[in-house]
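Take a look at the structure set out below.
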Amino acid sequence: KNAGRLRIGASSIASGEGMKLDIGAGNGRRDHDFTTVDVYGNPDIKAEMWEIPVPDNSVDEIWSCHALEHVPMHKVPAPDMAAGGVFNTS
């Protein structure tokens with residue numbers, strides 16, 4: 001469902017390698033090498049944070065700022081990240 005929505009800053013979606021996700025980004029972007037994920041705005045991947053369509057162990061880093069407080073506790077994702085991955089949230 002995200003086919004054709006990829007932008008230059010989201011090349012990691014196509015390769016599945018070294019993916020960095022900015023979850024809850026809206027129309028913003030943390031950095032050019034992050035793939036944005038949100039249900040609002042115009043993100044690279046339009047999806048709920050608990051239903052992100054990426055392969056297991058393909059995410060090296062997750063950034064999420066002021067997003068988890070909008071999610072019911074039973075929906076807070078436990079990311080299946082690559083070994084040594086980093087999950088930053090505030």
Side-chain angles (χ1 to χ4, degrees):
K1 80 185 186 188
N2 289 306
R5 294 187 44 74
L6 305 183
R7 294 195 298 254
I8 292 172
S11 60
S12 59
I13 295 175
S15 69
E17 297 177 4
M19 191 179 300
K20 294 180 176 183
L21 299 178
D22 181 352
I23 299 176
N27 287 322
R29 181 178 301 277
R30 173 165 172 69
D31 200 356
H32 72 278
D33 59 344
F34 276 78
T35 299
T36 58
V37 179
D38 208 321
V39 292
Y40 303 105
N42 190 26
D44 298 318
I45 299 176
K46 198 162 197 115
E48 297 283 3
M49 68 173 65
W50 54 87
E51 296 177 350
I52 302 170
V54 296
D56 289 347
N57 300 310
S58 64
V59 177
D60 288 339
E61 186 172 347
I62 293 174
W63 171 264
S64 182
C65 186
H66 301 287
L68 290 178
E69 66 262 25
H70 302 288
V71 179
M73 285 300 290
H74 69 281
K75 293 276 191 176
V76 173
D80 188 6
M81 297 173 61
V86 178
F87 183 25
N88 297 301
T89 187
S90 64

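Throughout, residue positions are numbered sequentially from 1 according to the sequence presented.
In plain terms, the two heavy atoms of Tyr40 and Lys46 that are nearest each other are C-NZ, 4.1 Å. Nearest heavy-atom pair, Pro43 versus Asp38, reported as atom, atom and distance to 0.1 Å: CG-O, 3.4 Å. Closest heavy-atom contact between Ala67 and Ser64: CB-OG, 3.4 Å.
Asn42 places no side-chain N or O within 3.5 Å of a backbone atom of Asn27 that could act as its donor or acceptor partner. Side chain of Asp22 to main chain of Phe34: no donor-acceptor pair is present (N/O by atom type, distance under 3.5 Å, no hydrogens or angles).
Put simply, the residue from Ile62, Ile52, Val54 that forms a side-chain contact (heavy atoms from CB on, under 4.5 Å) with Met19 is Val54.
Thr36 and Asp44 share a side-chain donor-acceptor pair at under 3.5 Å.
Trp50 and Val37 fall within a single hydrophobic cluster, where Ile, Leu, Val, Met, Phe, Trp and Tyr are joined by side-chain heavy atoms under 4.5 Å apart, directly or via other members.
Put simply, CD on Glu61 and OG1 on Thr35 are 11.5 Å apart, with the number rounded to the nearest 0.5 Å.
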